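Okay, so here's the structure we're looking at.
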Amino acid sequence: MNIRIGNGYDIHRLVGDRPLILGGVNIPHSLGLLGHSDADVLTHAIMDAMLGALSLGDIGHYFPPTEAEWAGADSLVLLGKVHDLVRSLGWRVGNIDSVVVAERPKLKPHIDNMRSKIAHVLQLEPNQVGVKATTNEKLGPVGREEGICAYAVVLLSRE
Ligand code: MG
């Protein structure tokens, strides 16, 4: 097989006194995501999709939340490490598609910036990185603004 597909999902809780970072972009908002790292759910979902495509487990295995080294980590740096691993095994990212589910704030103005940042780390063109945003129609925990979640699929091809 010269292509592999992976999917990833993540959710983090919204709290006060935390920055809201999605796809490496610091987005002005009254709430931010709680987590050991910067809690960037979008980047976490993409990393899990990349690892999943090669059956390499999940990010918790590589960057355990129990390790001080990863406290407050910039998830784009972690994404770079996952990318290095994928490349070292002879694979490269073909394309990514993702969706962030957040009731607020409006993410549309930040989408292209997220795509550029993720593409830069993965040495891709922005048109290989799809990021979409939707609300949860006020349903469930995401709809009640208790958290933000993200889903991603990644296609890898052999170098
Ligand atoms: Mg996470």
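Remember, it's a predicted structure, so these values are computed and weren't measured experimentally. For the single chain, residues carry numbers from 1 onward in sequence order. When a ligand or atom number is given, it counts from 1 through the structure's own listing order.
Side-chain contact between Met50 and Leu79 is present, with at least one heavy-atom pair separated by less than 4.5 Å.
Between Arg144 and Glu103 there is no salt bridge, since no side-chain N of the basic residue sits under 4.0 Å from a carboxylate O of the acidic one. Look at Lys81 and Asp84 and you find no salt bridge, because none of the NZ, NE, NH1 or NH2 atoms lies under 4.0 Å from a carboxylate O.
Looking only at protein N/O/S atoms, the ones less than 2.8 Å from the Mg ion (ligand 1) make 3 in total.
Counted within 6.0 Å of CG on Asp17, heavy atoms from surrounding residues, nucleotides or ligands total 12 or fewer; the atom is thus considered open.
The ring-ring contact (aromatic ring centres under 6.0 Å, His included) contacts involving residues 132-159 comprise Tyr9-Tyr151, where partners must be two or more places apart or lie in separate chains.
Remark: side-chain polar atoms of Asp48 are paired, donor with acceptor, to backbone N or O of Ile59 under 3.5 angstrom.
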